[in-house]
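The next block holds one structure in the form of structure tokens; read it before the comments.
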Amino acid sequence: MKKQAAELGAEELNQLFQYAMVLCRNRDMAGDLVQSSVETYLTQVSVGRKVLQPTAYIRQVLRNLFYDEYRRSRRWHHQEFIEQSSHDISPIDIESMEITHSSLTKIWDELGPQDREILYYWAILGHSTDEACVLLDMPRGTFLSRLHRLKKRYASEPDSQDDNQRGRR
Amino acid sequence: MKNETRSTPVDFKQAVIATIEKETMDREHLDALIEALGKSQTPDFQAEPNKFFSRGAATSRRTWLAGAVLLAVGLLASQYFDLRLENKAHLIAAEVARNHIKLKPLDVASSSFTDVQTYFDQLDFALIPSRLKHIDPVLADNRLIGGRYCSIQGVTAAQLRYRTNGGAAARSSTMTLYQAAYEPELHGDLPISEQGDIPVYVAEKGLDIYLWVERGILVVLVSEV
């Protein structure tokens with residue numbers, strides 16, 4: 001038990017916070033998510049449950065908490081891409097894509113928790129996007145078509161002024 | 001300086017990592033959690049774990065904690081957690097796509113929205129004027145040609161029909177716009193334009209379909225562009 005608890009230091013907690021932010025994009029909510037999922041973990045451990053990978057376990061608890069609330073609150077926290085017809089689901093070489101920091105920051109909130117999660121599993125946890133789609137139960141075609149739209153829209157484009165044609169407020 | 005490189009294209013993965021890792025937890029909260037984790041090794045904690053959780057952000061915390069306890073029990077069940085939030089949108093999209101492709105004869109042929117609105121007196125809501133311009137400026141170049149009754153998920157709805165001019169190079173095409181009284185239980189969670197939500201986009205049968213709720217009306221736009 002000592003070993004397990006010791007594994008969860010500032011670094012791991014920050015990682016969990018970053019993951020929570022990927023999901024909810026709100027600092028208060030992210031803090032609450034980390035708090036609650038850590039508490040759940042500690043409660044489980046205190047009743048004798050063996051948790052081999054605390055960070056992964058807490059991440060899963062956190063994820064479930066988020067999606068439970070996300071579904072229940074009946075709100076669209078994210079915005080879907082609105083694009084001209086693009087049904088492209090051809091394989092995409094995500095490893096060679098480029099984007100400007102400011103473009104990514106602009107669309108990061110727009111992407112939605114599910115897409116951001118796939119990118120988290122890919123960029124931070126080191127999975128391939130195919131693996132991430134399987135782990136996160138997202139159809140590969142859905143993710144690929146969204147990625148194509150993202151690429152068309154923002155990858156390698158020079159900075160442009162705010163695009164208010166898209167109906168954003 | 002970071003600002004100078006914000007407009008330079010960089011490796012997508014690095015950009016994603018930078019975006020994710022720039023968030024850090026409040027130091028106070030972090031310290032409190034680390035303290036709680038440290039205390040978790042003591043026998044006192046084993047006996048009464050709840051006593052040791054700090055009291056930060058108490059109000060919302062209580063909701064979360066209740067949820068956490070319930071979820072701890074149902075963790076294995078969570079493997080089957082279905083995240084298909086868009087299920088209903090897809091069902092509706094499939095239905096209107098079929099309507100669009102079938103394109104049955106118009107009940108009322110008119111380019112006047114008021115005439116068409118007057119025609120639809122069997123609906124339990126008033127037809128609302130199109131917000132097409134807000135979807136895409138290209139789609140704003142269209143003209144109403146009439147409407148007909150139809151149904152969405154078993155409920156009477158209105159189909160408005162538009163011809164899109166498409167500009168010099170593109171061919172003209174038909175657009176259909178559907179309106180029905182919004183019922184969350186029937187239609188599921190959909191973006192509400194008054195709350196600043198952006199329409200859901202679904203691609204179905206080669207058509208672009210947008211769904212949203214406006215003034216309590218479910219609005220679905222089907223476009224061939």
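No hydrogens, no waters, no symmetry mates; every other heavy atom, side chains included, goes into these values. Convention: sequence-line order gives letters A, B, ...; per-chain numbering from 1.
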**Study point:** Side chain / backbone / both / neither for L13(A) at chain B, heavy atoms under 4.5 Å
**Key:** both
Point to revise | Side-chain ion pair, E98(A) and K13(B), N-O less than 4.0 Å | key: no
Practice item. Heavy atoms only: give me the nearest G31(A)-H29(B) pair and the separation to one decimal. Key: O-CE1, 3.2 Å
Check your understanding: Given side chains that start at C-beta, do those of E23(B) and R27(A) come closer than 4.5 Å, heavy atoms only?
Key -> yes
Check your understanding: Does some side-chain heavy atom of L30(B) sit less than 4.5 Å from a side-chain heavy atom of F17(A)?
Key -> no
Check your understanding: How far apart are the C-alpha atoms of K22(B) and T105(A), what are their side-chain angles, what is the distance that settles it, and do they pass the side-chain contact (heavy atoms from CB on, under 4.5 Å) test?
Key -> CA-CA 11 Å; K22(B) 74 178 175 217; T105(A) 306; 4.0 Å; yes
Check your understanding: Minimum heavy-atom separation for H101(A) to A18(B), with atom names?
Key -> CE1-CB, 3.8 Å
Review point. Is any side-chain heavy atom of V16(B) less than 4.5 Å from a side-chain heavy atom of Y120(A)?
Key: no
Exercise for review: Check whether Q15(A) gets within reach of chain B through its side chain, its backbone, both or neither, counting any heavy atom under 4.5 Å.
Suggested key: neither
Practice item. Find the distance between OG1 (T19(B)) and CE (M21(A)) and round it off to the nearest 0.5 Å. Key: 11.5 Å
Check your understanding: How long is the gap from CG on L8(A) to CG on L33(B), to the nearest 0.5 Å?
Key -> 9.5 Å
Review point. Is a side-chain N or O of N14(A) found less than 3.5 angstrom from the main chain of M25(B), in a donor-acceptor match?
Key: yes
Point to revise | Close side-chain approach of T8(B) and T100(A), heavy atoms under 4.5 Å | key: no
Practice item. Please look at D26(B) and chain A and tell me whether the side chain, the backbone, both or neither of the residue comes under 4.5 angstrom of a heavy atom of that chain. Key: both
Point to revise | CG-CZ distance between D93(A) and F12(B), expressed to the nearest 0.5 angstrom | key: 12.0 Å
Review point. Could you state the interatomic distance from CG (L104(A)) to CD1 (I17(B)), rounded to the nearest 0.5 Å?
Key: 11.5 Å
Point to revise | Part of Y19(A) within contact of chain B (heavy atom distance under 4.5 Å) | key: neither
